[in-house]
Structure formats: C-alpha cells, structure tokens
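Everything numeric in this text was worked out from a predicted model, so none of it was measured. Proteins come first, then strands; the chains are lettered A, B, ... in the order of their sequence lines, and each starts at number 1.
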Amino acid sequence: MNIYVKPHNDFAKYLIEIARKWQEKWIKDKIFEADAKPGKPKFFLTAAFPYPNGPSHMGHARTYTVTDVYARFKRMQGYNVLFPMGFHYTGTPVLAMAEAVAAKDEKLLNLFRKVYGIPDDIIPKLSDPLTMARYFHAISKISLIETGYSIDWRREFTTIDPEFKAFIRWQFEKLRQKGYLVKGTHPVGWCPKHNMPVGMHDTKDDVEPEIGEWTLIFFEDEDGIIYPAATLRPETVLGVTNIWVNPSADYVKVKVDDMEWIISDRAAYKLRFQRKRIEVIEKFKGEKLLGKRVRNPVTGERVVILPASFVDPDTGTGIVMSVPAHAPYDYAAIIDLDREVLSKYGVSLDELKPRPLIRVKGYGELPAVEVVERMKIKSQNEREKLEEATKEVYGAEYKYGVMREDVVKYVAQDLPDNVRRYLVGVVKAWIAGKPVSEARDNIARWLKESRYADVMYEIMNKPVYCRCGTEIVVKILEDQWFIDYGNPEWKEIVRKALSKIRIVPPEYREDFKYTIEWVQRRACARTRGLGTELPWAPGWIIESLSDSTIYMAYYTISHKIKEYKLRAEQLTYEFWDYVMLGKGDVKEVSKSTGIPVKVLEELRKEFDYWYPLDSRHSAKDLIPNHLTFFIYNHTAIFPEEKWPRQIAVNGWLLIRGHKMSKSLGNVIPLRIMNHLYGPDTVRATVILSSEVGQDADFTDELVESVLDKLKKFRDTIMELHKMYSKVKELNGTELTDIDKWILSRMQKHIKNITNAMENLRFREAANIAFYIIDKDVKRYLERVYDEINSSKRKKTIAWVLSYIVDVWIRLVAPIIPHLAEELWSSIGKQGYVSLAKWPEVKEEYISVDVEVKEEYVDRVINDMKEIIKVTKTKPSRIILYVASKDSYEILRDAIRTVLNGKPLKEFMRQALSKVKDRKAFARIAKKYYDLASEIPPHLKDYLLENTLDEYQVLSNAKEYIARTIGAKEVIVYLSDDPSAPDIGGKKKMAIAFKPAIYIE
RNA sequence: GCGGGGGUGCCCGAGCCUGGUCAAAGGGGUCGGGCUGAGGACCCGAUGGCGUAGGCCUGCGUGGGUUCAAAUCCCACCCCCCGCACCA
C-alpha cells in the first residue's frame, strides 16, 4: 500500500516523527508484552478482530482507540494489562471481496487504486482470497502499530491457523455434546448455476435476497388433484369465491411426494429446489383449467376456476384464490369478467359476491370494494393503482382488522356433520373474533398440521440475480447444522450471565435482552469460504459469526503454542479440556498428546490467570449477533467464574456526517490519517468527537482543530516547564490561597477524569484534561502574574507548576501516548509515561475553602460585567461594600427555607421576627431568597456552615479584578463601617455573599 | 409491525437518571476589539429579546399535568434515526 500523503503541517510531521520514535522504543523494550504474574491484578481486554478484506479504516480506529485508551489507563493504574489482536479470515467477507476482484468490479478496483493506494501489479493477485487476506492483514497490522495501540503482538493469530482450527473443533464438539447443535432444513438464496447459496455479497448490485413464505392452500378437484393456491393471507380462505389462473400461461401437472398438483410451469421449476421429488406429468395452458370446480378445504364449497390476466405464473404457484371482499385485485378481476365467460362456465354473479370476513376501523364491510371504487379502478390492468390499493387494504386489515364472529357460518357448509362440527370448533376457537395477525398465524398452522396446506419459499424482492446473471431461487438445505440459540434452558443461563455483565454504556443492555429473547436457531456452517470444517460433517465450513465467539480464550495461550511449536494434531479435545477447563489428568493428556506435563501446566496457568475477559469492545452493530453469541457460547463452554465481565459498545464513526461505505468511497484508511495528522491527533479526535456509545462525526475541521489543540498543549507544557526549570530549588511550603486553589482544582480534575475513565466516558475525561485544566492553569498564571518574579514567591510557584506538569502529562498519556512520552522525557522524567503511575488524588491538597473564595471572586466579577454592559460605562474606579458577618445568618435562613421547599413568604415570616429594621429588610429579603435558590448545592452546603471573610478575599484579589475589568482602582469597604463613605447609596444593598457594587 | 435510541440556541453537541448551579457546558460559525505592512495564525469580548446598576420577558419537538420551582418528573401526540437473522 502506497502512502501518498504528506503531513498536514509541521506539527503533524513532528507528531509522526515522535510517534515512530516511541513506537520503536516500546517494541524494543517489549513493554506491552504481558505475561501471567500470579498475585498481580490483571486486566484482559479485547476488541473485535478485523476481517482482512481491506486495510484498517477509521471505523476500526474508533473501536481500537477506545480499547487502547482503556488498556493504557488500566496499565497506569497498576494492572497487568493484556490487549491482544488477531485476524478473522473466515467466511464470505474475504471471499466475496476476492471474487469481486476476479470479476474486475470497476467500483472496487477504483477503491483499491484511488483510496487504498494499492499498486497496479498487486491488485490481480488479490483475486485469491488467501492472498488478499494475507495482504490486508499485513497492512492492517502496520496501521495498528502506527496508531500506537499497546498490543501484545506475540499472541497474534488468524482463524485459519491449524492450531486455532483445532480449538474451534473442540468448541463445536462441546456444543454438540451439550445438545446445543441441531440438524435441520433451512431455506437459503441459491444460484442454480453455481449450485451454491448466495448472500448479499454474491448478488448483482449487492441486493440482499429476501426470503418470504407463501401458504399453499390445497383446493382439490373431484379426481383428487390438488390446486395449491398460494397466499400471504390464509385467514381469507373463508371468503374465497373462486380460483384464478392465467389462461395464457403454462401450467403443469406434477407429482409431488404422493400427491398430484397443478401449478404453473415456473412454480414447478422453483419447487424443485424445495422438494425432494417433483415429476412433471403433463403440460398445458391455463385455459384448460377454466370452469373446473375445486373444493375449499375449510368451507367445503366447490368454487369455480376463472381466468385473470393479473395472475403471474412466476409468483407463488400461479394458482390464486379470489377474495373480492378483501383483495382489490380479485374484485377488479371480477369486474372484468364478461357475461359470456360466466355463462360459458355456468357461473352466476351471485356466486362471486364479495363475502365480508374482517371488520376494520375506518372501512365498511367490504374494504377492497370500497377502495377500488374510491380509486376509480376500472380493470385488473391498472396495476399501479391496484398495487397501491392492495397495500392500503392489506396494511389496514393487518394492523386494525378483526375477524368477524359470523365467519363461522361459512365453515364446512357442504361437508358431513361430523366434519363440520370439528371445523366449526376450530374456527370458533382460533379464528372468529381474533385480530387478523393472530388469526392468520393460527389458521396457517392448523391447515399445515391438518395437511390442508403446505409452504413454498420465494424471493420476495425478486428478481435477484447472481453475479453470473442467473436468477436466484430459494433452496431448502437439508442436513444444515444450527446452533440452537432458541434452547430455553440455555436462554435462561444467558439471561443470568447478562445480568452480571457490566454493559457500557448501560443504555445498550435492553438491546441485549431483546436479542436474547428473539434469537432462535442459527445456521452455523456454510459450504464455502475459508475456515474450520465441522468435524463430523465434511464439506461444511463453520461460518464466521460462529467461529468467533470464544476466541478471546485462545489469546491467553496462543503465544505459548507458538513458543513450544505445538502441532495442531497434538491439540486434541483432551488437550483443550485440560487447558481451558482444567479437566482430565495432566499426565494422561501429556501421554496422549506428547506435550510435556510442564508445558501443559504452564498453558493451564496462563489461561487461568488471564481468564475471564474483563472487557470486550466492539461497535454497536454486533449486539444482535456477535456480542450476544459471545455470551451464549461462554456460558456453554466455560464455568461461571470464566464468563465475561464487561462489554463496551461504541457507536459508528461517520465521515462528514455519512456512514462509511465502500460504495460511497468514503472509507478512509487509518494509515492515511496517521500519515496526514499524526496518530495522536487521530486518537484524540476519535475520543473527543463523541462519548463511546454515540455515533461520532469525523470531519476535517475537527481533526485540524484537535491537531491545533495538541500543539497548544505541547507549547503550554513546555512554557510551564521553562518557567519552573529556571528555579533551581523547588519548595512548596509557602502556599498562598491561589496556589492552594490550583492544587485543589487539580485534585478535582484528577478525581473526575479517573471517574470518567473508569466508566469509559473518555470524551468527558479528554475534555477536562485538554480544556478545563488548561483554563484553570491559565487562570492561575493570570492570578500570579505579578508575583512570578518576586524572590519570595518564585520557588513556590515553580513548585506548583512542576506539580501541574507532572500530573497533566500523565492524565493525557492514555489518549495521546506518543506526545506524552515525548513531553515526559523533555521535562527530564525517567522511564516511560506509558508505565508511569496514574495520578492519585491527594486529599491534603483539597481545599473547599479556597475554591469557594475563588468562585466568589468570579461571581462578583460577573456582576460587575453585567453592570458595565447595561450602563455602557468605561469603569475607572470600582467601589465594593461587603455585608456584615451577621448577614450570613439571614442567608442561612434563606437557604434552609429553600432546601425545605418553602416559598418566599415563609422566609419573610421567619426572618422578620429576627431583624431590627423591618422596612429595610423587606426591601432586600427577596434578594436573599433569590440568591439562596440560585446558588449551586456545594455553595449552599458551604455557606450553611461557613462565613466568608469577603473583605479579605476581595482585598487580596484587587489587582486581579482591576486587570480583568479594565478598571484603575478597586476599593473595598465594610458596609457596617460608619466611617466608610456611602457612594451611590449602595451601602445598604450589600447582602451576604453578594457585595454591593458601585462603578464609576 | 416489533424492539432500541433520539428531537436542545445559526450549526454540531452536553445537560435529563438524582428538578433549583440553566439563557442552558464545550466546539464551530458570525460580529467587534487587540496583534499584524496586509492576510493567516494567535489573544480578548459579544452572539434570544428588552433594560442607564447586577434585573425582567420569552425559551430546550407539540399539547396537557405535578411542583414554591421543570430542558430535567408524569400523560398524550407528532417527527427522525437504527436493528429485525443465517448477512458480516
């Protein structure tokens, strides 16, 4: 893959250079190679491994960056962290891509050339699936290394490694033993030419073949020949007036099992893929069937076969039951019948009268008739209108329709009493009075069980063509193996497992619950693609969502398998039983496999140390499949203590507001981004763009602004370092309020960032680290502006700055590890910041007191700004009057009133009894009450217990206030000091925590 | 249809669980100022309306309700996005 991009600017170039430097050091010193260290707490996390059918792109970067930031955070917290990676060669993704290359798909070749930058001489070679996988595997691996992920590469594997296949065979043997694997039939999209199942990847224009189910209701003629009417609405069988066939279409009489059917020629062709034997006995035109009478299996009536041109021999069986009351096509076709035809077959119009079956809100007795008339449909040839009418009627009836009670009267009219009684009973119990959706399922099930009906599958969005041009049909696969995720006992265990797994973010838990309830048996093997063969069913390859459910366990020992050069044939069921489950006698296993006891024990220890998995990471699209199967299979194979502990789900990564897709050509390879902006920029952008669970929008402006932010961060750190490195001895003994303030704020930030990281709210963590700390540091510098060069303060400030720098770099290290390493070494620290200790909260640095003081100053400044804004004056002198300490009692009363949920008048009543000057108080009582309800909870708490020395605080901040406001002078008076002048009559306006302000 | 997630200021996007700190974080854009030969970058300020004193009014999809107090809680409705299987 050619990297044809140049760094965005000099700083990006710098980031790329230092990244390479530190990556080489990390690899050289093997700092991310994690070995089992019994006694040391471990943290094992994995991200979903990629299909190597393209280079790693920004979507992968999202998941892996989240995983890596978490890994690095945990590592700094002192955990023995394992983050491994592998590659998923299994299944159709790789295969389909290779086939598209072989077919010289222009769009794809363009993507390969233009976006991926693959050289022309390589591309043809990628038509071989394995070559393609190896190629993209190599590129992806480089991409991941270049992004600085702290992966232990010794454990890397692919899903077609013989050793891994041995593991998968063991897993499936376990599933089979537990009865979780079942054999059955299964309908799939099928190319008759290739004789192969086809999915979306194999079709022209990537259309997903949708498989639907027709109910075939058996109408029978007097010779016992069956006319299977294909319908999507079996509940309307009670209202059938006649049967339609297309007189000019080809029909055949076929032998199906032990029955004889009459169906369209085309239907017979399609049914060949769904029945064991279909034998054509006779061919003829539909015309030949007209006028015949066939018996409705439910009503017993003998209805006539009539001609209708709308009947499509390629849909269903070409035999259509006519329900004019509820199907617009049928009613329209009846309108089209001329008297000649009717008299020819001896049919009276009365016989074809629509028969109401369903009551629907908003419609009369005969919805189809109503709609046809309303839309002025004159004949069955008005296809477009009829489609619309059908959609409307079907939709309304399905949604709101209820079967009429009186449908019972149609049942078994012409049948013997005993049969009638039985049928009437069935219809009364399951059909009449039921909602349409329910009645439909009931009647279909009952008819099938009673052999009055059958099913036929069909591609509902037909025609869908295979890439070879052949139209796809539905084939019923015999001997298909399923994993039975519908097994009720298994489901129950999985529910329990889920309840103990931490889902991040928690909103996604409902999706898991829903999936568990809904998931049924799943076909787990296919007839082609790379992967592992089912041990007992040669030719069946375990498909990719089924061979990737417990592979995380394989990481724990994959490096040892390589180290000891264990061969696949040594990795027997007994081997895995011992290593993964601790079952069996190690000596016997050793004897049967030829693996030394010591090695077996070592592998067992590795597995036992690392497992269970502490955190599993993937994007949200894997919830309804992979992640749920992941839980299922763990519960099936492993004991409870080895079940996964946490699943972290991230949203999509959108590119400029659009979902990434190969057809849009907006798949951005990770390598390109790394080489354009530098890996730390890519990482920080991904983290800053949104919280883990949400979709993130990746835009050029955002990356560029992050790049810029990183530059500023670097500059700030180096600036601070310059300021304190000039001072030889650092000494923090003489801390002033503002020093204490920044130290206290840093503790709060450490606490909040740590908490955010623990909960994988990395965006919040990054936000605090990059923006809020920055703001506080700037404020601190502003506040110590005049002191910085004083000999008295120099050392203390230097000490504070060195503390900030040290903590700050460590806080950002998980997100931007390369720049953090670079800065860490620039300020003279030893060792890797990647391995440094995560900053701890120093309780002794926390000072609510100084924080409140600083907040108070802020509030006063805000008030001043407000006044200046309103009066549009240019301030020169600012006079402040602070309230007496006694007034805090009044404020406390007000706060208590608010906390108790009492209104203003309640406060007035209480406070009035305590004050001397009632009139004066009445004027400012509302101010107290408003202030008390407006201030944040921490201030309420603080002020209930403490009295602020406002005079002192403001006096200390005079210079700062003057500088901030742009005033020449700030004067502070006590409002109860009789000697202070009452400028502007403001003295009496001072209340606790809110001084009176006069601006000149 | 079933299930899940949403609708916030010019735009993106926090807040909602645990009501008062919310005219509502942060970013972008825009406007004004500083800096500059000019531009860019950078720094400061403004960015719902009104207001000559720290205030008032309107406001977080729509309509109701609970409460001294609602973007936040409850009810109804409208709209948008995602998943629904053998396809990874």
I need the [atom1]-[atom2] distance between [X] and [N], as an integer number of Å.
{"X": "A:Asn752", "N": "B:A14", "atom1": "CG", "atom2": "C1'", "result": "15 Å"}
{"X": "A:Lys994", "N": "B:G54", "atom1": "NZ", "atom2": "C1'", "result": "6 Å"}
{"X": "A:Phe11", "N": "B:C42", "atom1": "CZ", "atom2": "P", "result": "13 Å"}
{"X": "A:Asp697", "N": "B:G13", "atom1": "CG", "atom2": "P", "result": "7 Å"}
{"X": "A:Glu99", "N": "B:C87", "atom1": "CD", "atom2": "P", "result": "14 Å"}
{"X": "A:Trp652", "N": "B:C82", "atom1": "CH2", "atom2": "P", "result": "10 Å"}
{"X": "A:Asn625", "N": "B:C87", "atom1": "CG", "atom2": "C1'", "result": "9 Å"}
{"X": "A:Ile965", "N": "B:G54", "atom1": "CD1", "atom2": "P", "result": "16 Å"}

With heavy atoms under 4.0 Å as the rule, sort [X] into base, sugar-phosphate or nothing.
{"X": "A:Lys940", "value": "nothing"}
{"X": "A:His186", "value": "base"}
{"X": "A:Gln520", "value": "base"}
{"X": "A:Val898", "value": "base"}
{"X": "A:Pro995", "value": "base"}

So, does the side chain of A:Asp511 form a donor-acceptor pair with the base of B:G4 at under 3.5 Å? no
Select one nucleotide: of [options], the one nearest the side-chain heavy atoms of [X].
{"X": "A:Tyr929", "options": "B:C84, B:A25, B:C68", "value": "B:C68"}
{"X": "A:Lys986", "options": "B:G54, B:C86, B:G26", "value": "B:G54"}
{"X": "A:Arg522", "options": "B:G27, B:G54, B:C86", "value": "B:C86"}
{"X": "A:Arg526", "options": "B:C86, B:A53, B:C84", "value": "B:C86"}
{"X": "A:Tyr998", "options": "B:U21, B:G83, B:A53", "value": "B:A53"}
{"X": "A:Asp708", "options": "B:C86, B:C42, B:C84", "value": "B:C42"}
{"X": "A:Tyr514", "options": "B:A85, B:C2, B:G55", "value": "B:C2"}
{"X": "A:Glu866", "options": "B:G83, B:G54, B:C86", "value": "B:G54"}
{"X": "A:Lys712", "options": "B:G5, B:G54, B:C42", "value": "B:C42"}

Nearest-angstrom distance, [atom1] atom, [N] to [M]:
{"N": "B:C60", "M": "B:G48", "atom1": "P", "value": "15 Å"}
{"N": "B:G9", "M": "B:A71", "atom1": "C1'", "value": "12 Å"}
{"N": "B:C16", "M": "B:C73", "atom1": "P", "value": "9 Å"}
{"N": "B:G28", "M": "B:C79", "atom1": "P", "value": "36 Å"}
{"N": "B:G65", "M": "B:G19", "atom1": "C1'", "value": "15 Å"}
{"N": "B:G1", "M": "B:U8", "atom1": "P", "value": "24 Å"}
{"N": "B:U21", "M": "B:A70", "atom1": "C1'", "value": "15 Å"}
{"N": "B:C22", "M": "B:G40", "atom1": "P", "value": "35 Å"}

Does a side-chain N-to-carboxylate-O contact under 4.0 Å join [X] and [Y]?
{"X": "A:Asp708", "Y": "A:Lys712", "answer": "yes"}
{"X": "A:Glu397", "Y": "A:Arg233", "answer": "yes"}
{"X": "A:Arg859", "Y": "A:Asp863", "answer": "no"}
{"X": "A:Lys620", "Y": "A:Asp695", "answer": "yes"}
{"X": "A:Lys748", "Y": "A:Glu851", "answer": "yes"}
{"X": "A:Arg779", "Y": "A:Asp774", "answer": "no"}
{"X": "A:Glu782", "Y": "A:Arg963", "answer": "yes"}

Could you identify the nucleotide paired to [N], looking across every strand shown and requiring Watson-Crick or G-U wobble geometry with both distances under 3.5 Å?
{"N": "B:A46", "answer": "B:U30"}
{"N": "B:A38", "answer": "none"}
{"N": "B:G54", "answer": "none"}
{"N": "B:C84", "answer": "B:G1"}
{"N": "B:A71", "answer": "none"}

Would you indicate, yes or no, if [N] has its OP1 or OP2 atom less than 4.0 angstrom from a side-chain nitrogen or oxygen of [X]?
{"X": "A:Lys865", "N": "B:A53", "result": "no"}
{"X": "A:Arg521", "N": "B:A85", "result": "no"}
{"X": "A:Gln694", "N": "B:G6", "result": "no"}

For A:Lys775 and for A:Lys620, find the nucleotide of RNA chain B with the closest heavy atom, then tell me which residue's nucleotide is more 5'. A:Lys775
On RNA chain B, nearest-nucleotide positions of A:Pro937 versus A:Ile999: which is more 5'? A:Pro937
A:Ile211 to A:Gly189 - nearest heavy-atom pair and separation: CD1-N, 3.5 Å
With a cut-off of under 6.0 Å to the ring centre and 45° to the axis, is A:Arg522 in cation-pi contact with A:Tyr485? no
